[in-house]
Asks: 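Have a look at this one.
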Amino acid sequence: MTQGPLWSGRFSTPPAPEAQALGHSLEVDRALAAEDVRAATAHVEALRDAGLLTDDEAGQLADALAQVGEAIVADTFAFDPSDEDIHSAIERGVTDLLGDIGAKLHAGRSRNDLVSTDVRLHLLTLATSATDAVRAVARALVTRAREHVDDPMPGSTHVRPAQPVTIGHHLCAHAWALARDLDRFADWRRRADVSPLGAGALATSTLGLDPVATAARLGFDRAFDNSLDAVSDRDVLQEAVAVASICATHLSRLAADLLRWTDPALGWAELDEAYSTGSSMMPQKRNPDTAELARGKAARIAGDFVTLAAMLQGLPLGYQRDLQEDKEPAFDALGTVAQVARALSGAVATMRIDTAAMRAACLDPSLYATDIAEALVKTNIPFREAHRKTGELLKTLADDGKTLADLDDDGWNDVGVPDGAALLDPDRSIAARTAPGGPSRASVEAQLAALDALLVP
């Protein structure tokens, strides 16, 4: 038989169908079924400890909750039109099984503290999946970087050739960004690891429940400090989505580099067929869809953050029904960043890198303009003067259709850098940059060792 809402005692008429449809959230919060069963089971133990349930009643409730949870997983649970959300559905299922004993389940708790607890538990699980996937991308980058510690490539600014670096140095740069994302997720987890259960609707209860013991049963680090804050705030979701958005931005930048490297006009790399797609019309195409989608998904995750921030701003303390809209963007953001990371991990691991093409690109003499300016600095010329002198030289050569490679010994002597021709070499230029964090072999190897230590699960 269809039942009314859990709160129907105060009302003489049922909700209007359109109002009920607007408040219905089961499609989204059904994802919280496992967490809701966990939280409810911990609450049963709290009720038993408070003397509100006998051992037998507590056992029956725990068994019924497990039975309902298993039915939901098996898709055999009969949802009712009166089920507003997963919390009311599970409570109804238990009450259907146990009658009056089931009706004791909700004592001392509210959907306000229950949903906050469920969401935190679920977010912690989603974040674990996301961080595992992001760590896999970073590890793939480190593995590929170790293969190419000595292989030169043009580094760029403004998507223009700038100075020579190594492929290993470039890939490490992406790995460092992802390592910071993992650190942000870990820092978020420290703040997220707080149980709201026991806060009630906003002011706890008079039933003698122990939130600290409940937090321990659920595996949380600690219980809430303020019951009103516990049910009102959603910064735990907002921060998780912010971290996911930053991470998605870093993944999109990696994707952008993959797209640039694999552009046939550049020809520096090629994505494996498993991470490419074809065209429905043009038989010759091998499209880099994995990288393009990874790049585009960053916008979607940023949109999730905007949705949350816009919904939360200005809300007064206390639970507001607006907060029902928090789960969809949060779940989407963490799930999407994990999906993107898993795909990019495979793309990076299987990408074919053309080291010869990258080395050939380093033959561009303009890449060594800074080396020449710095060589002048070593002769006690102020850098601004050295910069101007080198720039004027490049302009004069360009006007004559020449490059630095066309200078003879006399020309280099006139410049003031007798060994200038030797500076136009990627291996020499890279080896000379021995500062920590730079592209030299010793520096990149030090970075790889540091990243190895950081990326241990």
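Side-chain atoms are counted along with the backbone in the values below, which use heavy atoms only and exclude waters and symmetry mates.
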Asks: Do Ser82 and Asp80 get their side chains close enough for a donor-acceptor pair, meaning under 3.5 Å?
Replies: yes

Asks: Name all pairs fulfilling the ring-ring contact (aromatic ring centres under 6.0 Å, His included) condition that reach into residues 114-152, sequence neighbours left out, sorted by first residue then second.
Replies: His122-Phe331

Asks: Inspect the contact between Asp371 and Arg428 and indicate whether a charged nitrogen and a carboxylate oxygen are less than 4.0 angstrom apart.
Replies: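 Salt bridge: yes.
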
Asks: Can you list every ring-ring contact (aromatic ring centres under 6.0 Å, His included) pair that touches residues 181-223, not counting sequence neighbours?
Replies: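 Listed once each, the pairs would be none.
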
Asks: Strictly distance-based, threshold 3.5 Å: is any side-chain N or O of Thr131 a donor or acceptor partner for the main-chain N or O of Leu182?
Replies: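 Looks like no, no N/O pair under 3.5 Å.
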
Asks: Between Ser156 (side chain only) and Val159 (backbone N and O only), is there a donor and an acceptor less than 3.5 Å apart?
Replies: no

Asks: Side-chain donor-acceptor pair under 3.5 Å between Arg109 and His106, yes or no?
Replies: yes

Asks: Any pair with a residue in residues 162-171 that passes side-chain hydrogen bond (donor to acceptor under 3.5 Å, both in side chains), sequence neighbours left out, goes on the list, sorted by first then second residue, please.
Replies: His170-Asp257

Asks: Give a yes or no on whether a salt bridge exists between Arg190 and Asp187, defined as a side-chain N under 4.0 angstrom from a carboxylate O.
Replies: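 The answer is yes: the pair qualifies as a salt bridge.
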
Asks: Distance alone, cut at 3.5 Å: any donor-acceptor contact between the side chains of Asp289 and Thr277?
Replies: yes

Asks: Would you check if the side chain of Asp354 reaches a backbone N or O of Ala269 as a donor-acceptor pair within less than 3.5 Å?
Replies: no

Asks: Any carboxylate oxygen within less than 4.0 angstrom of a Lys/Arg side-chain nitrogen, looking at Glu270 and Arg286?
Replies: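 Yes, this pair counts.
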
Asks: Quickly, which of Glu91, His87, Glu84 forms a side-chain hydrogen bond (donor to acceptor under 3.5 Å, both in side chains) with Arg111? Name it, please.
Replies: Glu84

Asks: What ring-ring contact (aromatic ring centres under 6.0 Å, His included) pairs are there with at least one residue in residues 291-310, not counting sequence neighbours?
Replies: none

Asks: We want to know whether Gln339 and Arg342 form a side-chain donor-acceptor pair, criterion being a heavy-atom distance below 3.5 angstrom.
Replies: no

Asks: Is the shortest distance from a Lys or Arg side-chain nitrogen in Arg184 or Asp181 to a carboxylate oxygen in the other one below 4.0 Å?
Replies: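 Salt bridge: yes.
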
Asks: Is there a donor-acceptor contact under 3.5 Å linking the side chains of Arg189 and Thr128?
Replies: yes

Asks: Do Gln67 and Asp63 have a side chain donor and acceptor closer than 3.5 Å?
Replies: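 Per modelled atom types, Gln67 and Asp63 side chains form no pair under 3.5 Å.
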
Asks: Keeping to residues at least two apart or across chains, list the side-chain hydrogen bond (donor to acceptor under 3.5 Å, both in side chains) pairs with something in residues 293-302.
Replies: Arg300-Asp332

Asks: Taking ring-ring contact (aromatic ring centres under 6.0 Å, His included) as the cut-off, I'd like each qualifying pair that reaches into residues 31-63, sequence neighbours left out, listed once.
Replies: none

Asks: Can you list every side-chain hydrogen bond (donor to acceptor under 3.5 Å, both in side chains) pair that touches residues 301-319, not counting sequence neighbours?
Replies: none

Asks: Is there a donor-acceptor contact under 3.5 Å from the side chain of Ser443 to the main chain of Gly438?
Replies: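 Checked: pair present.
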
Asks: By salt bridge (Lys or Arg N to Asp or Glu O under 4.0 Å), which residues pair with Arg441, not counting sequence neighbours?
Replies: Asp150, Glu445

Asks: Please list, chain by chain and in numerical order, all residues satisfying salt bridge (Lys or Arg N to Asp or Glu O under 4.0 Å) with Arg217, sequence neighbours excluded.
Replies: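 For Arg217, the residues satisfying salt bridge (Lys or Arg N to Asp or Glu O under 4.0 Å) (neighbours in sequence not counted) are Glu45, Asp49.
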
Asks: Keeping Thr336 on the side-chain end and Ala333 on the backbone end, is there a donor-acceptor pair under 3.5 Å?
Replies: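 Checked: no pair found.
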
Asks: By salt bridge (Lys or Arg N to Asp or Glu O under 4.0 Å), which residues pair with Asp326, not counting sequence neighbours?
Replies: Arg234

Asks: Using a 3.5 Å distance criterion without hydrogens, assess whether the side chain of Asp272 forms a donor-acceptor pair with backbone atoms of Tyr275.
Replies: no

Asks: Closer than 4.0 angstrom, basic N to acidic O: yes or no for Asp75 and Arg30?
Replies: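 Yes, Asp75 and Arg30 are salt-bridged.
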
Asks: Does Asp322 have any salt bridge (Lys or Arg N to Asp or Glu O under 4.0 Å) partners at least two apart in sequence or in another chain, and if so, which?
Replies: none

Asks: Do Ser116 and Asp113 pair up side chain to side chain, a donor and an acceptor below 3.5 Å, judged on atom types alone?
Replies: no

Asks: For residues 138-147, dump all side-chain donor-acceptor pairs below 3.5 Å to protein atoms at least two apart in sequence or in another chain.
Replies:
residue: Arg139; atom: NH1; partner: Asp452; partner atom: OD1; Å: 2.8
residue: Arg139; atom: NH2; partner: Asp452; partner atom: OD1; Å: 3.4
residue: Thr143; atom: OG1; partner: Arg139; partner atom: O; Å: 3.0
residue: Arg144; atom: NE; partner: Glu147; partner atom: OE1; Å: 2.9
residue: Arg144; atom: NH1; partner: Val348; partner atom: O; Å: 2.8
residue: Arg144; atom: NH1; partner: Ala349; partner atom: O; Å: 3.4
residue: Arg144; atom: NH1; partner: Met351; partner atom: O; Å: 2.7
residue: Arg144; atom: NH2; partner: Met351; partner atom: O; Å: 3.0
residue: Arg146; atom: NH2; partner: Asp452; partner atom: OD2; Å: 2.6

